[in-house]
Amino acid sequence: MPAVFLAAALPFVVSPVLLLFRRPDRRAGLLSAAACAGAFACFVSVALGASPATVALPWIGPLGLSFSLHADALALFFALLITGVGFLVAAFATSYLDSNENFPRFFSFLMLFTGSMLGVVLSSNLMALFVFWEMTSFSSFLLIGFWHHRERSRYGALKALVVTGGGGLAMLLGFVMVGIVCGSFEIAVLAERGALLAASPWATPAVLLIIAGVVTKSAQLPFHLWLPSAMEAPTPVSAFLHAATMVKAGLFLVARLGPLLSVVPLWTPTLALVGLLTMTWCGWLALRQKDLKALLAFSTVSQLGLILVLLAPAEPDTTAAGLLHLLNHACFKGALFLLVGVLEHELHTRDLSLMGPLRRNMPFTWLLIALAALSMAGVPPMGGFVSKELFLDHLLNGHPLLALLAVAGAVLTAAYCFALAAGLAAGRRPDGPRGQDPSLSLLLPPALLVAATIGLGFFPDQLVGAPMAAATLAATGGSVTGHFAVWHGVGPSLLASAFAISMGLALWWGWWQKRVPPAPTLVADRVYDHALEQLEAWARRLTASYMSGILWRYCSVILLTVIVGVAVVVASQGFVMQDGWSSRHAGPWDLAVCATAILAAVATLKARTRLAAILALGASGFSLALLFALSAAPDLALTQIMVETISVPLFLAVFAFLPPYQVDRVRRARPLHALLAVAAGLGTALLLAASRSQRVAEPISSYFVDKSVDAAGGHNVVNVILVDFRGLDTLGEITVLGVAAIACYAIIKLLSEKEAGR
Amino acid sequence: MHFAVLTVVAVFITCGVYLLLDRTLLRVIIGLGLLSNGVNLALLASGGLGAGAAPILGHGSAAIVDPLPQALILTAIVIGFGVTALMLTLAFASYQSQLSDDLEDLHGRLDDE
């Protein structure tokens, strides 16, 4: 297997190993960082070197599924992003988490996520991709709920799982449709069969379902609700999963499947519109947050919308711009989350309106926040400016209404970025808490990310021009025409940028500064809560409707199901009633015993006293024993006699402790019961009668008879079957008896202890 | 012979099911016993009920009956006994603590506690 896939498996290997560490051991974090660094180094060497590596392991043969991975430039771009940010976040978290936290568990979950995320980007089979996709949702659930003693954490974790997991299932359905229409689940094969998909009536539902997966995972409208709630996760998790990587899985899927799915006319406009609306609306929501993490969460959603707009057309130039902004966003947003984590750690609050002036007390932290925020605002010469220029350029050539939305989004982005950078500098409260700059180990990871986004501003083409072109080629199959540059000359996009920045400044200065913005409640949140409440209520009502707690109702339902089921099969298949019986002639003894048995059974129904009922049951058992004896089954006869001999006294022993025997308790459903009973009895007999003529295979009994003496050395074939051929069954039987005996003993003992205690 | 045996099976199962649906706990247990007797007999009948000697080898060359249903029934008889014993103990315990053997009356009592 190529080294690149072994490197991708490294986090999965490390994840269980980490659990062996003791609780307060920070080395768990160092090992995780080392695993990420190792994988990163391997990906770098692969990216610089040979042709794309592929591996396909057989998976589910009958379905034509293979577990195939493919490391092309697009996959490697994401893999480098994941392991690079993963390394910084792991290093940061190692010194960030309090020493009493459960380090092994945290880093084990983190590595589980890293491995799953690498799996998503490296998969070249839709089903493998889906499995890893859901694994990222699952590990995200574990990480959001890491502080599971907090109710908000559990709420956020569940919400993220419900939304992204539900979207994942919709996506699976879409994958299955695409796979069946195109005849393969291999992405490479699918890429050539776009025409098949375009011609199929299933194309529209399939694309809509896959879009559902994309927008839930990347928290686009109207599924943006889960990301703010996911902010209950420890801050390194927010930086890694909910800013830099997992939320970009949806974007990755758009880049990966865009060329195939954009043959369906619905794909590009839907995604672009959703992205644009999300960018603008969530920018507005971000501007109104006081909680720094909530602000960053909404800003993330908004920025993801921006990238989605760029990736939706699946054309080389926009895709390259989208990937560049994705990289930029991972840098500045990852840094911002880590720095907000530092603030929370130092100031013990995340509320923007409660913080004291930072510029004096925490100059380095503040400087890094300001630089990252300026990059996000798209201020030249930061990295964010380069990619935002390309975005505006793309949109200004389109419909004027869309261009207006894009510019509005850019204005709002600039406004909340200024609020973030400048608002923290002076602080809303001069007397608010003052911290100190943390140690270098906490500042270095975000500083590296900020340096990266600045570098991307000055030398975008030199730094990432070639890999972006390669990734774009791998994603779209087309070459990029332009190249990245910080200065494009004066054009509409530069004017739009200047307008957005100045309007953003005005909005921040004129509106945000004057009043503390009211934090809005999300409509989507209320819908989600209400839907969940209703679901639970309905589930409870539904369960209560059939879980009556009354035995005869349960039994009636089971019997009715069996009877109706058998009747339907018989009615549809026809009932062959040939006489396949070659039974012996019934002698007078046979008939007498059968008559006794029938009388005994009817007597159990009719008995007015308990004693009579028990004796009638005993009589039916003993007549059965006689029938066994007459049918050449001496072992059965002996066993039956023994069991009846013990059972009847047992019944009589309980006798004394029970209330008067009630035969005629009122039952409304008595006719139904009689009907069910007759149907069950008659049906069994009829099926049995027909069964003799319906043999489809030779009975295996002759094997037992032949081998009994040779193989097992016994002459009594029934005994040999029980203790030898089917010895394990008999062991099970003995176990059941033993468990029943222990249970009887325990019940009686508990009861007598309770009596004694009373 | 098979007609007679199938009649017995039908009657056993009919009576057993009817008692199983009763409200009185002891009648439910009796019904269960009757039901398992009926099923055991049905298993025996599925072997064909032909003429033949008991399935014990080494007594001449006479044809023997099918041993497999007998082995299955033997297991079933013993398990059935275990079930009956446990049910009786539960009935005893339930009456001791709840002072009722009416299943509809017992319904919901544990929830209320």
Side-chain angles (χ1 to χ4, degrees), chain A residues 549-552 555 581-584 586 590-591 594 597-598 601 604-605 613 617 620-621 624 631-636 639-640 643 647 650 654 657-659 662 665 667 673 676-678 680-682 684-685 688-689 701 704 708-709 715-718 721-722 733 736-737 740 743-744 747 751, chain B residues 1-2 4 6 8-15 17-21 23-24 26 30 33-34 37 41-42 44-46 48-58 65-68 70-71 73-75 77-79 81-82 84-86 88-89 91-93 95-96 101-104 107-108:
Chain A
I550 295 174
L551 184 68
W552 66 259
C555 289
W581 293 83
S582 52
S583 64
R584 68 177 194 277
D590 290 321
L591 292 176
C594 285
I598 289 171
T604 55
L605 282 187
L617 178 66
S620 84
L624 189 63
S631 304
D635 292 301
L636 296 190
T639 315
Q640 182 74 32
V643 163
S647 292
L650 201 63
V654 179
F657 298 97
L658 288 181
Q662 296 278 343
R665 282 199 166 119
R667 281 188 292 164
H673 293 174
L676 281 175
V678 170
L682 217 58
T684 311
L688 198 60
S701 309
F704 293 129
S708 181
V709 177
H715 291 274
N716 185 333
V717 186
V718 175
I721 292 175
L722 283 175
E733 173 199 345
V736 168
L737 270 194
C744 290
I747 290 166
L751 211 60
Chain B
M1 179 67 189
H2 64 272
L6 291 183
V8 177
V9 168
V11 171
F12 270 31
I13 290 183
T14 304
C15 295
V17 167
Y18 189 76
L19 287 172
L20 189 69
L21 298 172
R23 277 172 63 177
T24 303
L26 193 69
I30 291 175
L34 214 51
N37 282 348
L41 195 58
L44 187 78
S46 74
L49 297 171
I56 298 172
L57 304 174
V65 298
D66 192 344
L68 191 59
Q70 296 196 13
I73 296 167
L74 202 74
T75 308
I77 292 173
V78 178
I79 297 275
F81 170 67
T84 305
L86 188 62
L88 280 173
T89 316
F92 167 68
Y95 183 67
Q96 290 290 304
D101 70 338
D102 183 347
L103 289 172
E104 266 178 50
H107 161 63

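Values reported hereafter were calculated over all heavy atoms of this structure, with side chains retained and with hydrogens, waters and symmetry mates removed. By convention in this document, chain letters (A, B, ...) are assigned in the order of the sequence lines, proteins followed by strands, and residues within each chain are numbered from 1.
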Can you name the nearest heavy-atom pair linking A:Leu688 to B:Ser46, along with the distance?
-> CD1-CB, 4.3 Å

A:His715 NE2 to B:Leu57 CG distance, which is reported to the nearest 0.5 Å | 7.0 Å

Side chain / backbone / both / neither for B:Ile30 at chain A, heavy atoms under 4.5 Å = both

B:Thr84, part contacting chain A, at a heavy-atom distance under 4.5 Å | side chain

Give, as side chain, backbone, both or neither, the part of A:Ser647 having an atom under 4.5 angstrom from any heavy atom of chain B.
-> both

Top of A:Ala740, A:Ser583, A:Ala685 for chain B proximity - count of heavy-atom pairs under 4.5 angstrom = A:Ser583

Any side-chain heavy atom of A:Gln640 within less than 4.5 Å of one from B:Asn37?
-> yes

Correct closest heavy-atom pair for A:His673 and B:Leu21 would be CE1-O, 3.4 Å

Assert top hit (heavy-atom pairs under 4.5 Å, partner chain B, pool A:Leu682, A:Ile721, A:Leu636, A:Val736) equals A:Leu636

Pairs of heavy atoms under 4.5 Å with chain A: top-ranked of B:Ala85, B:Pro67, B:Ala42 | B:Pro67

Backbone N/O of A:Ala632 and side chain of B:Gln70: donor-acceptor pair under 3.5 Å | yes

Pair count under 4.5 Å, heavy atoms only, with chain A: among B:Ala45, B:Gly48, B:Gly33, highest is B:Gly48

Hey, what do you get for OG1 (A:Thr684) to CG (B:Leu6), rounding to the nearest 0.5 Å?
-> 10.5 Å

Turns out that what part of B:Ala53 lies under 4.5 Å from chain A's heavy atoms comes down to backbone

Yes or no on side-chain contact (heavy atoms from CB on, under 4.5 Å) for B:Ile56 and A:Val717, after CA distance, side-chain angles and deciding distance?
-> CA-CA 6 Å; B:Ile56 298 172; A:Val717 186; over 6 Å; no

Sub-4.5 Å side-chain heavy-atom contact between B:Tyr18 and A:Leu676 | no

Drop me the distance from A:Asp590's CG to B:Met1's CE, to the nearest 0.5 angstrom.
-> 4.0 Å

Hey, what do you get for CD1 (A:Ile550) to CZ (B:Arg23), rounding to the nearest 0.5 Å?
-> 8.5 Å

Ranking B:Ile79, B:Leu49, B:Val17, B:Val9 by heavy-atom pairs under 4.5 Å to chain A gives rank one to B:Leu49

From the list A:Leu591, A:Leu737, A:Leu617, the residue making the most non-hydrogen contacts under 4.5 Å with chain B is A:Leu617

Which atom names give the shortest non-hydrogen contact between B:Val8 and A:Ala597, and what distance separates them?
-> CG1-CB, 3.9 Å

So which of B:Ala91, B:Gly58, B:Ala51, B:Gly52 has the largest heavy-atom pair count under 4.5 angstrom toward chain A?
-> B:Ala51

At a heavy-atom separation under 4.5 Å, does B:Val78 approach chain A through its side chain, its backbone, both, or neither?
-> both

Considering all heavy atoms of both residues, which atom of B:Val11 and which atom of A:Ala601 are nearest to each other, and what is their separation?
-> CG1-CB, 3.9 Å

Take A:Trp552 and B:Leu20 through the side-chain contact (heavy atoms from CB on, under 4.5 Å) test and state the conclusion after the steps.
-> CA-CA 7 Å; A:Trp552 66 259; B:Leu20 189 69; over 6 Å; no

Does any heavy atom of chain B fall under 4.5 Å from the side chain of A:Leu624, the backbone, both, or neither of them?
-> side chain

If you measure from CD1 on A:Ile747 to CG on B:Leu86, what distance do you get to the nearest 0.5 Å?
-> 5.5 Å

Going through the checks in order, is the side-chain contact (heavy atoms from CB on, under 4.5 Å) test met by A:Ser631 and B:Val65?
-> CA-CA 8 Å; A:Ser631 304; B:Val65 298; over 6 Å; no

Against chain B, work out which of A:Thr639, A:Ile598, A:Leu650, A:Val654 has the most heavy-atom pairs shorter than 4.5 Å and name it.
-> A:Ile598

What option among A:Ala680, A:Cys555, A:Ser620 has the most heavy-atom pairs under 4.5 Å with chain B?
-> A:Ser620

Max heavy-atom pairs within cutoff under 4.5 Å with chain A, candidates B:Leu88, B:Ile13, B:Asp66, goes to B:Leu88

